[in-house]
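A quick write-up on the structure given underneath.
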Amino acid sequence: MNQETGEAILEAVKGLNRRMDSIDKRLEQSEKSKTSEKDKKEFVQGVMNGMRK
């Protein structure tokens with residue numbers, strides 16, 4: 001393998017790492033939003049239950 005090929009492979013790997021990092025960040029954000037959605041639903045249900053009493 002010559003140096004140009006090695007450098008091209010390194011650049012491709014760096015690009016993949018960046019893409020994986022951004023995917024990981026998006027997944028973390030979506031997980032956080034899922035939990036906050038669940039919290040909102042529970043809060044609303046609690047408020048509604050409180051009004052019924």
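Remark: Glu31 CD to Ser33 OG distance equals 8.0 Å, nearest 0.5 Å. With rounding to the nearest 0.5 Å, the separation of CG in Asn49 from CD in Glu42 is 11.5 Å. Taking CG from Leu16 and CG from Asp21, the interatomic distance works out to 11.0 Å, rounded to the nearest 0.5 Å.
In summary, the side chains of Asp39 and Ser36 do not present any donor paired with an acceptor at a separation below 3.5 Å, with no hydrogens or angles considered.
A salt bridge links Glu37 with Lys40: the closest approach of a Lys/Arg side-chain nitrogen to an acidic carboxylate oxygen falls below 4.0 angstrom. Here Lys14 pairs with Glu11 in a salt bridge; the nearest charged N to carboxylate O distance falls below 4.0 Å.
Heavy atoms of other residues, nucleotides or ligands lying less than 6.0 angstrom from CD of Glu4 number 12 at most.
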